[in-house]
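Notes to accompany the following structure.
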There are 2 protein chains.
Amino acid sequence: MPEAAAVSGTPPGAGPGTPAEQELRLSIGQVAGRTGLSIHALRFYEREGLLVTPVHRGTDGHRVYTEWDLEWLEVCVRLRASGMPLTAIRRYADLVRQGTGNEEDRLTLLRQHQQHVTAQIAALTECLDLITFKIRFYEECRAQGPAQGPADPLLTPAVPPQS
Amino acid sequence: MPEAAAVSGTPPGAGPGTPAEQELRLSIGQVAGRTGLSIHALRFYEREGLLVTPVHRGTDGHRVYTEWDLEWLEVCVRLRASGMPLTAIRRYADLVRQGTGNEEDRLTLLRQHQQHVTAQIAALTECLDLITFKIRFYEECRAQGPAQGPADPLLTPAVPPQS
DNA sequence: CTAGGGCCTATAGTCAGCTCTAGGTCAAGC
DNA sequence: GCTTGACCTAGAGCTGACTATAGGCCCTAG
């Protein structure tokens, strides 16, 4: 992770005049490379309104992504990776698009997702316990040699203490 | 979680004669209630070969689940909840169905999934960091009063230290 | 005797989230 | 001048995991 993923307020350009910031201008292919999203997915995300503003176009009609777009997309990727559905990301994008004043709504949305992710981690940790328990069980079977394994087909003792 | 989820070897009944164990016999509706799976999903899982053995039927053709079936299903639920695809669960069920002798294969399968889950937890934890960072950012915005918020639309400083 | 509930089969439909195809534009290089 | 490669749009198709529907059986209660 070389670059820092940022973005929190409103996209620039809405500001006074967009001074000639020597921004980097990325093609869709480059953004795909950096975000890990496919070119298809990038176009799809834009169509779905996940992008706060539609991406600027060059004279040839090709998409030109700014640093800000990239950072926003990186946030999207994280949110998706943590299971936020596209509809929720779109709602978040909508709020950002509307500009300042709805920080409470953004907080609510983020807090909900925070809870969701926390719950996911807890659930996964429980599952991991079960899996680890079973792995240990089979390792012990093996350690005791092929003859010593639970001879009777009926072997159902493999219960974690209390999950 | 009142009951312990178990199951590790081969289903009983393959053993000598199935002595008259006073097993509990559950209807599909009861199993749905206990596992959290829908009745539809239970039939679906069976069709898909996730169940080691097809469920026994009563005289009326209705499914009769044993304790063992229930426990196996609870394991399935955990595996699913941790993102194991149905195809992998089926492979696991296949191994169990084949009986003892393939413990190494089972171990491999479980270890792979263990890694997968561990990676998932790590990824989620990273995402959680970002979300928590953003939440703090908005909380600070709010704490500083509506006038003090980042006045300029261009506010893109919200970066976690190094994720 | 009929209404309801719980179950059965088989098959169709749904949903999210992409992914792919067809058909086309444009600029650079051989 | 032709090919190659990166991009464009619109729209169809796919995958995984269910979920719902249609049509039917059987038992029990009113």
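We name chains A, B, ... by the order of the sequence lines, and we start the count at 1 in each one. Heavy atoms only: backbone and side chains are in, while hydrogens, waters and symmetry mates are out.
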Residue pairs passing the ring pair (Phe, Tyr, Trp, His ring centres under 6.0 Å) test with at least one member in residues 95-115 of chain B, sequence neighbours excluded, are His113(B)-His116(B)

Assign a letter to each nucleotide of nucleotides 6-16 of chain C from its 5' end: B, base within under 4.0 Å of a protein heavy atom; S, sugar-phosphate only; -, no contact.
-> -SSB-------

Among all residues two or more places apart in sequence or in another chain, which pass the side chain to side chain donor-acceptor pair (under 3.5 Å) test with Arg43(A)?
-> none

Does anyone know the first and last nucleotide of DNA chain D in reach of chain A, 5' to 3', at under 4.0 angstrom to a heavy atom?
-> dC7(D) to dT9(D)

Listed by chain and number, what are the side chain to side chain donor-acceptor pair (under 3.5 Å) partners of Arg136(B), not counting sequence neighbours?
-> none

Can you check whether Asp105(A) reaches Arg91(A) side chain to side chain, under 4.5 Å on heavy atoms?
-> no

Arg111(B) meets the side chain to side chain contact (heavy atoms under 4.5 Å, CB included) criterion, sequence neighbours left out, with Ile135(A), Glu139(A), Arg142(A), Leu107(B)

Sorted by chain and number, sequence neighbours left out, side chain to side chain contact (heavy atoms under 4.5 Å, CB included) with Thr108(A) holds for Gln112(A)

Tyr45(A) vs dG17(C): side-chain N/O to OP1/OP2 distance below 4.0 Å = no

Asn102(A): what forms a side chain to side chain donor-acceptor pair (under 3.5 Å) with it, not counting sequence neighbours?
-> Gln98(A), Arg106(A)

Counterpart residues, side chain to side chain contact (heavy atoms under 4.5 Å, CB included), relative to Ser27(A) (two or more places apart) | Gln30(A)

Those residues at least two apart in sequence (or on a different chain) that pass side chain to side chain donor-acceptor pair (under 3.5 Å) with Gln120(A) are none

Over its full length, what angle do the end axes of the helix from dC1(C)-dG30(D) to dC30(C)-dG1(D) make, each axis taken from five pairs and the result rounded to 10 degrees?
-> 20°

Quick one: list whatever passes side chain to side chain contact (heavy atoms under 4.5 Å, CB included) with Ala123(B), sequence neighbours left out.
-> none

